[in-house]
Amino acid sequence: MFARRLAILFTALAVMIIIGTVAFALSEGSSVAYSFAWTLDTVTTLGSIQDPHDTAGRVVVVALELFGIGTLFYGLATVAEFFVSGQLSGLLEERRTQRVIDSYSDHFIICGFGRVGRQAARDLRAAGVHHVAVDSDPGHRELAASMGVRYIENEAANDEVLLKAGIERARALIACVDSDAENIFIALTARGLRPDLLIVARASAEDTEKKLRQAGADRVISPYKTSGSEMARVALHPQVGGAVQVADYRMEEIDATEGSDGVGKTVAQVRGESVIVAVRHTDGRLEPQPAPSSVIEAGDMLVAIGSPAALEQLESAFQPVVAPSS
């Protein structure tokens, strides 16, 4: 805003000086150089040059004085507002932020600072790695500052903005804007600037995943799809705790519920095609790589890895017994 008002101010001054120079040259018959100096003398209200000899020249002088004083007050008001409204401190803060970002290397760029972007920033902060957030919403600036996140308020799909965020030195980019179309443009822009950059993108709609990969995203995450699958799995198998997807395999925590078929059996009897990598017993003791003859007791927690079909079979062995309704 301040830059625009300065541009308006200087444009008005330039137009006024040009018109005054031409007007003096025509009305007074003076040279262009003298008319230019006369215009500057009048606009600045110095009054070192004598008054014009005819009415037309005096009209030009009066008009230039009025517009000159008006432009002067406009300029003073603009500068005063710049200092009073805190724009100077904001400009200095932006420069400090940019200097810090310029010092980053092997960092992460988060495009979008909504709920998903903020959670990504928390996890990156917990991991102890540098990261930069890019978002066009000015309302997120204070929130980013409270979280200690370096924030760039601009459109993330802009080449210059990503360059300011240090994409040339970044390790990865996370595109998690609420709009799938914007995430596609961000992926396209980032891939054009850094062909070797790891790009992780968010997709809200299923048909967007393919487009994001075509745009250059290496990994596409669908929060709604993932959370829906997780909720359905917990509803079907309440004995299943946390789950981690690794390529075509999944790692899960499975509770051995009281009365389930698997309680009292050995690891070899229940594991099937899955691999039970650890058992945490009710006394808190952790048994890594349990022996096939190890007996599973009620209240134990199993950590298993395997294909979805193999884990489904293991989960069914510890499915809670539902009491018949009366």
Side-chain angles (χ1 to χ4, degrees), residues 89-90 92-178 182-183 186-187 189-191 193-203 212 216-223 226-227 230 241-247 249-253 277-278 280 284 286 288 301 303 305:
S89 59
L92 295 176
E93 178 62 29
E94 287 185 7
R95 290 185 177 180
R96 283 194 295 268
T97 300
Q98 189 59 49
R99 283 198 298 268
V100 173
I101 295 173
D102 291 341
S103 68
Y104 287 168
S105 62
D106 203 33
H107 60 288
F108 294 79
I109 301 175
I110 304 172
C111 298
F113 206 63
R115 287 175 294 178
V116 177
R118 291 195 292 272
Q119 185 58 51
R122 294 187 189 99
D123 293 342
L124 291 174
R125 183 178 181 85
V129 295
H130 294 307
H131 51 283
V132 179
V134 182
D135 197 296
S136 59
D137 189 348
H140 291 158
R141 179 179 289 277
E142 291 186 5
L143 186 57
S146 66
M147 295 174 59
V149 178
R150 303 300 174 183
Y151 187 81
I152 298 177
E153 184 185 328
N154 217 316
E155 297 291 340
N158 191 304
D159 290 26
E160 295 182 0
V161 174
L162 290 181
L163 289 173
K164 287 178 62 177
I167 191 173
E168 296 172 320
R169 308 178 306 278
R171 185 195 305 183
L173 180 141
I174 301 173
C176 53
V177 182
D178 291 337
E182 288 187 42
N183 286 327
I186 292 170
T189 305
R191 183 59 67 206
L193 294 172
R194 274 283 304 277
D196 61 331
L197 181 69
L198 173 63
I199 300 175
V200 181
R202 167 193 175 181
L212 279 166
D218 299 290
R219 297 287 302 274
V220 179
I221 307 297
S222 177
T226 302
S227 59
E230 182 70 16
V244 178
Q245 189 76 26
V246 183
Y249 295 91
R250 198 165 69 228
M251 179 179 287
E252 291 184 351
E253 296 176 349
V277 296
R280 190 182 68 190
L286 181 67
M301 187 195 72
V303 179
I305 187 171

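Keep in mind that what you see is a predicted model, and the values were worked out from it rather than measured.
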Trainee: For the atom pair CZ (Arg194) and CZ (Arg171), what is the distance rounded to the nearest 0.5 Å?
Mentor: 11.5 Å
Trainee: What distance do Cys111 atom SG and Glu182 atom CD have between them, rounded to the nearest 0.5 Å?
Mentor: 10.5 Å
Trainee: Closest heavy-atom contact between Arg202 and Val116?
Mentor: NH1-CG2, 3.6 Å
Trainee: Taking Glu253 for the side chain and Met301 for the main chain, is one N or O donor matched with an acceptor at less than 3.5 Å?
Mentor: no
Trainee: What distance separates Leu193 CG from Leu163 CG, expressed to the nearest 0.5 Å?
Mentor: 5.0 Å
Trainee: Ignoring hydrogens and geometry, is there a side-chain-to-backbone donor-acceptor pair from Arg280 to Gly284 under 3.5 Å?
Mentor: no
Trainee: If we ignore hydrogens and angles and just use 3.5 Å, is the side chain of Arg191 paired with the main-chain N or O of Leu197 as donor and acceptor?
Mentor: yes
Trainee: Hey, what do you get for OG (Ser105) to CD (Glu168), rounding to the nearest 0.5 Å?
Mentor: 13.0 Å
Trainee: Enter the distance from Ile186:CD1 to Ile174:CD1 here, rounded to the nearest 0.5 Å.
Mentor: 12.0 Å
Trainee: Shortest non-hydrogen contact from Arg125 to Gly148?
Mentor: NH1-O, 3.7 Å
Trainee: Ignoring hydrogens, what is the shortest heavy-atom contact between Leu286 and Ala278? Give both atom names and the distance.
Mentor: CD1-CB, 4.1 Å
Trainee: Tell me if a side-chain donor or acceptor on Thr189 pairs with a main-chain N or O of Asn158 at a distance below 3.5 Å.
Mentor: no
Trainee: Do you know the tightest heavy-atom contact between Ala133 and Val149?
Mentor: CB-CG1, 3.7 Å
Trainee: Can you give me the closest heavy-atom contact between Met147 and Ala121, atom names plus distance?
Mentor: CE-CB, 4.2 Å
Trainee: Would you say Asn154's side chain and Val161's backbone share a donor-acceptor pair under 3.5 angstrom?
Mentor: no
Trainee: Please answer whether the main-chain N or O of Ala201 pairs with a side-chain N or O of Asn183 as donor and acceptor at a distance below 3.5 Å.
Mentor: no
Trainee: Is a salt bridge present between Arg141 and Asp135, judged by a nitrogen-to-oxygen distance below 4.0 Å?
Mentor: no
Trainee: Heavy atoms only: give me the nearest Tyr151-Asp137 pair and the separation to one decimal.
Mentor: OH-O, 2.6 Å
Trainee: Any donor-acceptor pair under 3.5 Å linking the side chain of Arg118 with the backbone of Phe113?
Mentor: yes
Trainee: Run the numbers on Asp102 and Arg95 for salt bridge (charged side-chain N to carboxylate O under 4.0 Å, His left out), then give the verdict.
Mentor: CA-CA 10 Å; Asp102 291 341; Arg95 290 185 177 180; over 6 Å; no
Trainee: Calculate, to the nearest 0.5 Å, the distance between atoms CD1 and CD belonging to Ile152 and Gln98 respectively.
Mentor: 5.5 Å
Trainee: Quick one: does Arg169's side chain have a donor or acceptor within less than 3.5 Å of a partner on His107's backbone?
Mentor: no
